[in-house]
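Given the structure is predicted, the values throughout are model-derived calculations rather than measurements. A note on names: the letters A, B, ... follow the listed sequences, proteins ahead of strands, and every chain is numbered from 1.
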There are 2 protein chains.
Amino acid sequence: MKLDDFDRKILAILQKDNLTPQRTIGEAINLSAPAVQRRIAKMTEAGIIRANVAVLDPAALGNPITLFVEVEVISETAAQIEEAKREFARTPEIQQCYYVTGDADFVLVILVPHMAAYEALTRRLFFGNNNVKRFRTLVAMDRIKTGLEVPLGA
Amino acid sequence: MKLDDFDRKILAILQKDNLTPQRTIGEAINLSAPAVQRRIAKMTEAGIIRANVAVLDPAALGNPITLFVEVEVISETAAQIEEAKREFARTPEIQQCYYVTGDADFVLVILVPHMAAYEALTRRLFFGNNNVKRFRTLVAMDRIKTGLEVPLGA
DNA sequence: GGGCCATTTGCAATTTTGTTTCGTCCGCGC
DNA sequence: GCGCGGACGAAACAAAATTGCAAATGGCCC
């Protein structure tokens with residue numbers, strides 16, 4: 001599916017605030033509300049819009065600590081990697097998980113209420129998994145920019 | 001502000017799909033639509049709900065490459081750290097930025113169309129900044145779990 | 001124990017928003 | 001030049017959000 005300038009402008013607005021009325025979007029880009037609505041529907045259908053979500057404040061919800069963890073595994077067979085992916089994906093404290101090249105195999109973004117919770121998590125996920133060779137933790141002191149915004153060209 | 005069970009259930013729904021009608025939410029948790037609406041308004045007011053956004057597919061929008069970068073700076077004076085934060089925050093390719101303790105000072109999540117774009121970015125952000133001591137890049141091969149979901153207790 | 005205040009609820013009315021319909025226009029290929 | 005497909009806007013329509021209001025609930029002081 002190919003996008004024109006209208007589509008990109010709509011997406012730019014929606015990824016900042018998807019509760020913006022379609023009528024308002026239309027006014028901003030010189031299009032009628034139904035036209036906006038049809039374009040949104042099409043992009044949602046095409047999977048360009050993956051989800052519509054509320055972004056919550058982790059600290060206000062009892063998870064003030066953000067951690068980064070690089071995990072290196074011992075055996076990188078397809079089966080073991082798949083198993084690791086599944087395990088990470090189903091752990092709620094793991095907010096984000098990527099499989100990477102380089103010195104590490106996985107990068108995780110983790111949210112916890114306190115360090116004791118992280119300690120318990122490491123015991124379960126890393127020490128309790130004999131395919132984990134090594135992991136390295138970085139503790140976030142400041143969340144300067146969080147979000148899922150995608151750069152939308154010019 | 002303190003939250004009860006209703007609030008947490010509402011948030012759980014909204015952070016998965018904030019386009020869910022309030023009436024539907026109400027039915028799911030046994031509350032009327034106006035009650036749901038008032039709770040959402042209050043939580044938004046309190047900053048617990050930080051934003052409402054559409055999540056877009058980076059690959060579909062021409063940014064198929066996700067990178068992690070750890071940046072170590074030379075001088076960690078308050079002024080220089082603040083300047084670095086501002087610079088990272090205003091760079092659109094930097095989707096996420098955290099100030100961390102440990103071996104590195106910053107962790108960045110970056111989206112680019114291709115490696116040449118990243119190369120140009122490193123030149124501008126890191127080589128072009130004489131307070132950057134070192135940076136280490138990890139390339140994402142698979143985005144297993146992306147999102148901003150916060151674990152919501154029981 | 002009784003009464004009072006604050007809070008929150010549900011219902012119903014109102015307003016706003018999203019969605020569908022329909023006729024028109026534009027660009028393209030035949 | 002003619003017909004076709006796609007996208008548009010205006011208007012009608014449906015659905016959702018929002019507001020006003022009265023009633024229920026719960027704590028607290030007397």
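- When the P atom of D/dC8 is taken as reference, atom CD of A/Glu27 falls 17 Å away, rounded to whole Å.
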Between A/Asn52 and A/Asn18, is a side chain to side chain donor-acceptor pair (under 3.5 Å) present by the stated rule, with each step listed?
-> CA-CA 7 Å; A/Asn52 287 281; A/Asn18 73 340; 2.9 Å; yes
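- Pairs of residues two or more places apart, or lying in two chains, that qualify as salt bridge (charged side-chain N to carboxylate O under 4.0 Å, His left out) and include a residue from residues 23-36 of chain A are A/Arg23-A/Glu27.
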Hey, mind stepping through A/Leu121 and A/Thr91 against side chain to side chain contact (heavy atoms under 4.5 Å, CB included) and telling me if it holds?
-> CA-CA 10 Å; A/Leu121 196 64; A/Thr91 302; 4.1 Å; yes
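- Among the candidates A/Arg143, A/Lys145, A/Gln96, A/Glu149, the single residue satisfying the side chain to side chain donor-acceptor pair (under 3.5 Å) test with B/Gln96 is A/Gln96.
- Interface remark: the A/Arg38 side chain does not form any donor-acceptor pair with the D/dG6 base, using a distance-only criterion of under 3.5 Å.
- Taking the nucleotide of DNA chain C with the nearest heavy atom to each of B/Ala33 and A/Ala33, the more 5' of the two is matched to B/Ala33.
- Between A/Val53 and B/Lys16 the shortest heavy-atom distance is CG1-O, 3.7 Å.
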Could you pull out the protein-nucleic contacts involving nucleotides 22-28 of chain D (nitrogen or oxygen on both sides, under 3.5 Å)?
none

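- In this structure a side-chain-to-backbone donor-acceptor pair under 3.5 Å is missing from A/Gln15 to B/Ala54.
- Distance A/Gln37 CD to D/dA7 P: 14 Å, rounded to the nearest Å.
- When distances run from any side-chain atom of A/Arg39 to the nucleotides D/dA7, C/dT9, D/dG9, the shortest one goes to D/dA7.
- B/Lys42 has its NZ atom 15 Å from the P atom of D/dT18, to the nearest Å.
- Within residues 6-26 of chain B, the residues having any heavy atom under 4.0 Å from DNA chain D are, by residue number, B/Pro21, B/Gln22, B/Arg23.
- Side-chain polar atoms of B/Thr146 and A/Tyr98 form no donor-acceptor pair below 3.5 angstrom.
- Contact detail for A/Pro151 and B/Pro92: the closest heavy-atom pair is CG-O, 4.0 Å.
- If you check C/dT19, D/dT19, C/dG10 against the side chain of B/Leu31, the one that comes closest is C/dG10.
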